[in-house]
Structure formats: structure tokens, C-alpha cells
2 protein chains.
Amino acid sequence: MSITMHDVARVAGVSIKTVSNVINDYPYIRAETRQRVLDAIDSLGYRPNLSARGLRSGRTGVISLIIPDLRNAYFAELADSVMRAAATKNLSVIIEQSGDDRETELALLRGPRMQMVDGILYSVLALGEDDAHLLDDIRTPMVLLGERIFHGPTDHVTMRNTEGARAATEHLLSLGRRRIVALGAHRGEVIGSAGLRLTGYAEALAEAGIPVDDALIGEVGGWFRSGGAQAMKLLLDSGVPFDGVVAFNDSIALGAMRILQEAGLRIPDDVAVIGFDDIDETRYTLPTLSTINPGRDEIARVAVDYLVERISNPEAEIPPREYLAGFTVVQRESTTIVAP
Amino acid sequence: MSITMHDVARVAGVSIKTVSNVINDYPYIRAETRQRVLDAIDSLGYRPNLSARGLRSGRTGVISLIIPDLRNAYFAELADSVMRAAATKNLSVIIEQSGDDRETELALLRGPRMQMVDGILYSVLALGEDDAHLLDDIRTPMVLLGERIFHGPTDHVTMRNTEGARAATEHLLSLGRRRIVALGAHRGEVIGSAGLRLTGYAEALAEAGIPVDDALIGEVGGWFRSGGAQAMKLLLDSGVPFDGVVAFNDSIALGAMRILQEAGLRIPDDVAVIGFDDIDETRYTLPTLSTINPGRDEIARVAVDYLVERISNPEAEIPPREYLAGFTVVQRESTTIVAP
DNA sequence: GTTCGGCTTCACAACGTTGTAAAGTCGCAG
DNA sequence: CTGCGACTTTACAACGTTGTGAAGCCGAAC
């Protein structure tokens with residue numbers, strides 16, 4: 001039914017191994033033979049069976065990207081970056097959504113699907129330090145994205161969370177803001193993104209000699225618009241005064257901005273707002289949103305590079321690596337005071 | 001190195017075929033034997049080699065979703081819906097980005113990757129009617145999403161573009177708006193989404209006895225925020241008066257809203273705006289954006305169902321099917337006049 | 001007590017590819 | 001003209017799974 005190497009070999013008048021050699025760029029082939037094979041491939045429309053190749057060679061050319069949810073703009077853009085980086089290495093990407101759910105993450109990691117991929121890019125969310133041992137028996141090369149929750153034998157690529165949040169906070173301080181809200185905290189969390197960013201926020205305040213006011217720290221469970229909106233509502237209702245907001249991601253910032261504007265507060269005049277992630281839409285909101293660009297392309301590129309390295313040298317006992325991408329403060333209207 | 005059926009068979013004291021039978025739920029197995037095999041699988045941590053299974057059975061359990069760009073919220077949400085629908089059928093999804101580029105779309109369709117998937121969900125953008133023959137020799141089951149550009153042997157699942165645009169326009173008309181802008185037209189296009197939506201817009205105006213004014217039709221190349229912003233700028237500069245905007249997708253609408261607000265126009269008081277697609281963020285903008293919900297989940301579900309049907313009955317010559325999902329008008333603040 | 005049919009298990013041969021190792025060809029140095 | 005090495009091609013055996021078909025077992029029907 002389907003066209004195989006045997007067909008090509010027959011048409012070209014060579015053995016199947018020669019066809020295989022041509023396809024795999026084996027150097028010692030007569031130019032004329034190579035051409036005959038290529039012609040046969042063309043005229044028959046032959047395409048290699050990747051299952052067979054995968055079976056024989058142990059490589060499928062597919063990597064898996066595990067993220068919580070594609071509807072979250074940050075992860076959609078991350079997926080985009082990863083796919084572009086993977087494309088340059090001739091890899092396809094299977095995206096799996098964990099929904100930020102512990103059981104789902106575990107099921108994905110241990111499921112048979114992981115058997116079919118050469119490597120895993122795993123954006124950890126729901127698993128914690130205590131679960132590190134669960135990854136021990138996973139033999140597929142893996143690179144963790146986002147916060148290092150495990151200290152396993154895997155590479156780890158992420159952004160400078162603490163420094164980024166610190167820079168964001170310093171940016172607001174430089175505008176003269178002193179009552180700065182942190183939006184997106186997770187009560188009790190220290191080692192995840194929320195914890196690290198909160199640390200950066202506190203560091204910046206400390207350096208400026210401003211005490212951290214618990215009333216200015218807004219919890220947001222899921223980092224979506226709705227969470228930002230809800231937290232901001234609570235804050236406004238509480239009556240606590242503030243003149244700046246550091247949101248731990250852009251979605252939270254946008255949700256909060258919406259509530260601020262509804263309440264008649266001007267951005268940035270009354271409240272300056274800065275987000276995190278530099279997702280595309282921050283360029284088009286009103287006002288446009290200042291944010292921290294976390295170096296997503298760089299993260300994706302390095303992560304794929306690390307993975308490819310481990311995939312192509314399965315023997316080489318490469319020690320776990322850590323890579324921290326650079327970030328930049330992107331100033332837009334939400335923190336730019338226009339002289340009247 | 002890796003654990004195979006042979007290992008399981010040895011531990012369980014049965015033949016590999018029996019192990020295979022257990023895994024594939026073959027009914028005639030003694031309960032005690034089945035249990036012994038399951039125990040062996042468990043204790044060894046055996047997971048089937050999907051490449052081998054794919055080679056032997058011709059099925060990989062993976063489908064491919066070809067979309068232009070994941071950074072576009074509509075497609076990210078579509079991908080999410082497709083992945084959820086696929087998960088219920090135990091299928092993994094490889095996402096390929098075509099970048100709305102003809103050559104890339106062709107390369108993807110003909111590339112070796114397509115050899116490895118059981119089916120293709122193809123969101124056509126760059127290929128046109130004239131390219132229909134290019135799909136003739138693609139044997140993999142395929143379902144087209146979005147506008148039917150080909151009249152090939154494939155199924156086709158889409159929304160009611162014309163009716164949706166018509167309903168959106170009628171919605172603005174019902175608010176008493178008479179000078180309604182259409183944003184997102186593609187000059188000369190008739191059969192794509194842009195053409196169909198423009199037709200719906202024109203139909204609604206005709207029914208209301210309003211002539212179509214060319215000056216109110218805004219071209220937008222790529223349907224992104226930037227395009228909507230740019231087109232709206234041109235429109236404002238032209239000085240043409242208008243009191244409503246039907247944008248052909250939400251991104252365009254949001255870009256346009258941003259420019260309208262910058263220009264000091266109130267939404268919806270001065271200009272009512274309605275979009276298309278009901279992407280998540282329309283719920284959190286200021287004002288929230290009225291839009292057409294295109295039934296994305298329904299589209300994804302039906303598309304995957306069609307694909308699965310064709311995958312599981314490769315012989316059955318199922319005639320090409322057409323499915324039009326239902327849509328709803330979602331009224332939000334951008335078209336809701338609040339009594340003063 | 002023989003036959004039949006349902007249950008249970010298994011040996012064997014694929015699926016399409018690539019790694020191994022070896023056989024052949026050829027030109028050139030010895 | 002022999003031997004050597006570089007080039008060129010090939011046969012064969014995997015890789016791990018499932019489809020085919022057949023064998024063995026057992027109780028029920030004749």
C-alpha cells in the first residue's frame with residue numbers, strides 16, 4: 001500500500017541499503033547512483049516511515065512540551081518559541097497540557113506517550129520538592145522550564161525571577177511610588193515563581209528603606225486575568241491606599257488594570273502598573289503595559305539546545321546545568337507620566 | 001536496555017503474545033494469567049514501545065494540527081480545544097505552525113512528519129483553490145478547519161461566517177447605529193473568512209436598507225492587534241464619520257478600540273464595537289468586548305470525531321462531509337449603552 | 001468414547017528501517 | 001603483476017510489536 005525503500009530500490013536498481021545510505025547522507029556513494037536513487041524517490045513520492053526509523057534507531061525526532069494551559073498567553077508564546085527553536089533542529093513538538101494538576105502531570109510523565117519522544121521540556125507547576133524521587137526512573141532526557149522545584153539530575157532553564165521582580169519594583173520606586181502593591185503572591189510558597197518574585201519585590205523595598213506592608217500583598221491563585229481582577233477588587237474594597245502595582249504576570253496586571261479603571265483611577269497618574277512576561281497584547285492595551293521581558297526566545301533556544309545535546313549523547317554523563325536568561329524592563333505607558 | 005514484552009513474558013512465565021493480548025484487552029485470557037502479566041508489567045515498569053506498535057499496526061496515535069501561529073489567541077484557544085477533544089480519544093497532538101506562508105504550508109503537508117501521524121487537522125490559510133490538486137496525493141485522513149478553499153475529498157468543519165457577521169452587524173443596527181465600519185476585509189477575497197464575513201456585513205446592511213459605503217470598509221492584512229490599530233488610525237484620519245465597528249476578529253477589535261480610546265472616543269457611546277471569536281481576554285478589557293462566539297469547542301470536537309472515524313475505517317469510502325458549528329452573539333459592554 | 005466447539009495459549013512471520021560486516025571494484029605504489 | 005587502501009555496494013540481522021493460524025485443553029452433546 002504505502003511506498004517503501006524496497007520500491008525505491010527496485011526502481012533505482014540498487015539495494016535497499018543503498019537507498020538508506022542516500023537518505024542518510026552516507027558519503028561513499030557514486031554521484032550517478034545517488035541521482036538515480038533520488039530520481040526514484042521523487043517519481044514514486046517515497047517518504048520514509050518514521051515509525052520504522054524510530055524503532056530501528058531509537059529516535060523519533062519528536063519532543064514533548066508539557067505546559068499547564070495553552071490558553072494562558074505566556075505559555076502560548078513560550079510554546080511558539082519552543083516550536084521555532086525545535087524546528088531549527090528538525091524536531092517536532094507534541095504539546096501536552098497538564099492543567100496545573102498534580103495527577104495529570106504525573107500521568108503525563110509516566111504515560112506511554114513519553115515513551116515515544118526523544119526528550120521532554122517540562123514546565124513544572126504542580127509537582128513539588130517532595131516529588132523529586134518520582135522523576136528518578138524517567139530515562140528520557142528532560143529539561144525543566146520555569147522554577148526549579150526539583151534538584152534532580154535534569155537541566156534547568158529559567159529567568160531571573162527575583163532580579164526581574166526587583167527591577168520592576170525599582171522601576172516604580174524610581175517614579176516616586178512608595179505604596180506599591182505586589183499582586184500574585186502564593187501564601188507560604190518560597191521556591192516557585194511567586195515566591196521568588198515576592199522576594200525580589202521585598203528586596204527592592206528594603207533597599208529603598210520601605211517596610212513591607214502585608215496589606216499591600218495580594219494573593220492570586222491562578223495567574224489569570226480573573227485572578228488579577230478579583231485581587232484588585234479586594235484591595236480597593238479594603239481601602240488601603242497605594243500608588244503602584246507590581247503584578248507577577250501580565251494577565252494579572254491586565255485584570256487589575258481593568259478594575260482600577262472601572263473604579264475611576266488613572267493609570268499611571270494615580271496608580272502605576274507593571275507586569276511580567278511581555279506578552280504580545282501588552283503593546284495594545286490602553287494604556288500599554290510596562291512589563292519585564294523574560295527572554296522567552298533565549299529560554300526556548302537554550303532549553304532545546306540542552307535537550308538536543310543530551311539526546312545526541314545519551315552516554316555522556318553531562319552534569320545538570322542551570323541557565324538563567326537575561327531580562328529587560330520594558331517601559332510603556334502604564335508607568336510613563338506624561339507632563340500635563 | 002529498555003524493558004520489552006519479552007522481559008514481561010519471561011517474568012510472568014508466558015509467551016510475548018499473551019502479554020500483547022493482555023495489553024490489547026483480548027477477551028480470552030484466564031483471569032489468573034492476566035493478573036500475573038499485569039503484575040509483571042507493574043513490577044518491571046514496562047511501557048510499550050510506540051514506534052514498534054506504530055510500525056506493526058500502522059497507527060501512531062498522533063494527529064497533527066496545522067495552524068498559522070500560536071501567538072494568535074484564536075488559534076491558541078483552538079489548539080487547546082483540539083487537544084482536549086483529542087485527549088478523550090487517546091490521541092496526542094503535534095502542532096505545526098505554518099506562519100500563514102504558502103511554502104511552509106506545502107512543505108508541512110508533504111514533509112516526512114505527516115508520514116508519522118494518523119490524521120491531519122489543517123487550518124488552511126495560505127493555499128488557495130488552485131492548489132487543491134496538491135492535496136490529491138495525500139493519503140493521510142484530513143479535516144479542514146476554517147474556510148473551505150478546496151473542494152477536495154476532505155471533511156470540512158467551520159463556523160457560520162456569513163451568518164455570524166450578519167448577526168454582529170444586526171446587533172449594532174439594533175442599537176440604532178447606521179454608519180457601521182467593517183474592519184478586516186481582504187481586497188478581492190470572496191471565499192475566505194474575510195470575504196464571507198464581509199458578505200454577512202453587507203447582507204445585514206442591505207436588509208436594513210443601508211447602502212454599503214466603501215469608505216467604511218477597512219482592510220487589515222494580518223488579523224492582529226497591530227492591523228486593527230493601523231486600520232482604525234487610517235479611518236480616523238480620513239475623517240469619515242461612523243458610530244459602530246464590526247471587526248472580523250477580536251484582535252482587530254482590540255487594536256481598534258485602543259486607537260478609538262486614544263482619540264477620546266467613548267465606547268460604546270460614540271462608537272459601538274463588536275468582534276469575532278470570543279477569545280478569553282474580551283472578558284477583561286475595558287470596556288469588555290461584545291463578540292461572536294464561533295463554537296470553538298464544538299468545531300474541535302466534531303473535527304476530531306470526523307478524523308477518528310476516517311482513521312478507524314480507512315476502507316470505508318465516507319463521502320466528504322461539511323459541518324457548520326452554531327454561533328452565539330455575546331453582548332458585553334462595548335455594545336451596551338448604560339442609561340445615564 | 002468420540003466429536004464438537006469454546007476457551008486459552010503460543011510459534012512464527014511480518015511491519016520498514018538502519019547497523020554491521022563483508023564483498024567487490026578500482027587505481028596506484030611497490 | 002601484486003597488494004593495498006580508498007571507494008562503493010550489498011546481504012543479513014536486528015529493533016519491539018501485533019496478525020495469523022494452529023495447537024492443546026476441557027466439558028458437553030451425540
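Labels below follow one simple rule: chain letters A, B, ... track the order of the sequence lines, proteins then strands, and each chain is numbered from 1.
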For nucleotides 5-7 of chain C, print each protein N/O atom paired with a nucleotide N/O atom at under 3.5 Å, atom names and distance only.
unit_1: C/dC7; atom_1: OP2; unit_2: B/Tyr28; atom_2: OH; d: 2.7

Problem set entry | Pair A/Glu309 + A/Lys89, salt bridge at N-O below 4.0 Å |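 A salt bridge is absent here (no side-chain N lies under 4.0 Å from a carboxylate O).
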Exercise. Looking at B/Arg71 and A/Asp280, does any basic side-chain N land under 4.0 Å from a carboxylate oxygen?
Worked result: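 A salt bridge is absent here (no side-chain N lies under 4.0 Å from a carboxylate O).
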Tabulate below the donor-acceptor pairs under 3.5 Å that side-chain atoms of residues 111-121 of chain B make, not counting sequence neighbours, or state none.
unit_1: B/Arg113; atom_1: NE; unit_2: A/Ser92; atom_2: OG; d: 2.4
unit_1: B/Arg113; atom_1: NH2; unit_2: A/Asn90; atom_2: O; d: 2.5
unit_1: B/Gln115; atom_1: NE2; unit_2: A/Pro48; atom_2: O; d: 3.2
unit_1: B/Asp118; atom_1: OD1; unit_2: B/Thr60; atom_2: N; d: 2.8
unit_1: B/Asp118; atom_1: OD1; unit_2: B/Thr60; atom_2: OG1; d: 3.2
unit_1: B/Asp118; atom_1: OD2; unit_2: B/Thr60; atom_2: N; d: 3.2
unit_1: B/Asp118; atom_1: OD2; unit_2: B/Gly61; atom_2: N; d: 2.7

Problem set entry | Under the salt bridge (charged side-chain N to carboxylate O under 4.0 Å, His left out) test, residues paired with A/Asp39 that sit two or more places apart |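 With sequence neighbours excluded, A/Asp39 shows a salt bridge (charged side-chain N to carboxylate O under 4.0 Å, His left out) to no residue whatsoever.
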For this session: With sequence neighbours left out, write down each residue that passes salt bridge (charged side-chain N to carboxylate O under 4.0 Å, His left out) with A/Arg310, or none if nothing qualifies.
Result: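 Here the qualifying residues are A/Asp155.
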Exercise. Just checking B/Tyr46: base, sugar-phosphate only, or nothing, at a heavy-atom cut-off of under 4.0 Å?
Worked result: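 Sugar-phosphate contact only - B/Tyr46 comes under 4.0 Å of backbone atoms but never of a base.
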For this session: Quick one: label A/Pro27 by what it contacts on the DNA or RNA (base, sugar-phosphate, nothing), any heavy atom closer than 4.0 Å.
Result: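 Nothing, no nucleic acid heavy atom in range.
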For this session: Find out whether B/Leu70 and A/Leu70 are in side-chain contact, i.e. whether some heavy atom of one side chain is under 4.5 Å from a heavy atom of the other.
Result: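 They are in contact (side-chain heavy atoms under 4.5 Å apart), so the answer is yes.
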Separation between [atom1] of [X] and [atom2] of [Y], rounded to the nearest 0.5 Å:
{"X": "B/Ser98", "Y": "B/Asp69", "atom1": "OG", "atom2": "CG", "answer": "8.5 Å"}
{"X": "A/Glu96", "Y": "A/Leu109", "atom1": "CD", "atom2": "CG", "answer": "10.0 Å"}
{"X": "B/Ile66", "Y": "B/Ile95", "atom1": "CD1", "atom2": "CD1", "answer": "11.5 Å"}

Whole-Å gap separating [atom2] ([N]) and [atom1] ([X]):
{"X": "B/Tyr26", "N": "D/dT18", "atom1": "OH", "atom2": "C1'", "value": "13 Å"}
{"X": "A/Ile3", "N": "C/dT17", "atom1": "CD1", "atom2": "C1'", "value": "16 Å"}
{"X": "A/Arg30", "N": "C/dC26", "atom1": "CZ", "atom2": "P", "value": "9 Å"}
{"X": "B/Leu50", "N": "D/dG16", "atom1": "CG", "atom2": "P", "value": "13 Å"}
{"X": "A/Met5", "N": "C/dG19", "atom1": "CE", "atom2": "P", "value": "10 Å"}
{"X": "A/Met116", "N": "D/dG16", "atom1": "CE", "atom2": "P", "value": "15 Å"}

Taking only residues two or more places apart in sequence, or in another chain, which ones meet [X] in a side-chain contact (heavy atoms from CB on, under 4.5 Å)?
{"X": "B/Asp297", "result": "B/Ser81"}
{"X": "B/Tyr323", "result": "B/Val157, B/Glu298, B/Val302, B/Tyr306, B/Ala325"}
{"X": "A/Ser15", "result": "A/Lys17, A/Thr18"}

Exercise. In chain order, what residues pass the side chain to side chain donor-acceptor pair (under 3.5 Å) check against A/Arg56, with sequence neighbours excluded?
Worked result: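 If we apply the side chain to side chain donor-acceptor pair (under 3.5 Å) test to A/Arg56, skipping adjacent residues, there are no hits.
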Exercise. Going by heavy atoms closer than 4.0 Å, what residues in residues 18-25 of chain A are next to DNA chain C?
Worked result: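 When residues 18-25 of chain A is checked for heavy atoms under 4.0 Å from DNA chain C, the hits, listed by number, are A/Ser20, A/Asn24.
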Problem set entry | Positions of residues 52-61 of chain A (non-hydrogen atom under 4.0 Å from DNA chain D), listed by number |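 Hits under 4.0 Å, by residue number: A/Leu55, A/Arg56.
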Problem set entry | Residues from residues 6-17 of chain B lying under 4.0 Å of DNA chain D - heavy atoms |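 Within residues 6-17 of chain B, the residues near DNA chain D are B/His6, B/Ile16, B/Lys17.
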Under 3.5 Å, N/O pairs linking protein and nucleotides 25-27 of chain D:
none

Exercise. Taking only N and O in the side chain of A/Thr33, is any of them less than 4.0 Å away from OP1 or OP2 of D/dT8?
Worked result: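 False: A/Thr33 side-chain N/O out of range (4.0 Å or more) of D/dT8 OP1/OP2.
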Problem set entry | A/Val143 versus A/Ala303, closest heavy-atom pair with distance |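 For A/Val143 and A/Ala303, the tightest heavy-atom pair comes out as CG2-O, 3.9 Å.
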Exercise. Do B/Arg36 side-chain atoms and B/Ala31 backbone N/O form a donor-acceptor pair below 3.5 Å?
Worked result: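 No: the side chain of B/Arg36 does not pair with the backbone of B/Ala31.
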Exercise. Checking A/Asn24 side chain against A/Tyr26 main chain: does a donor-acceptor pair fall under 3.5 Å?
Worked result: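 No.
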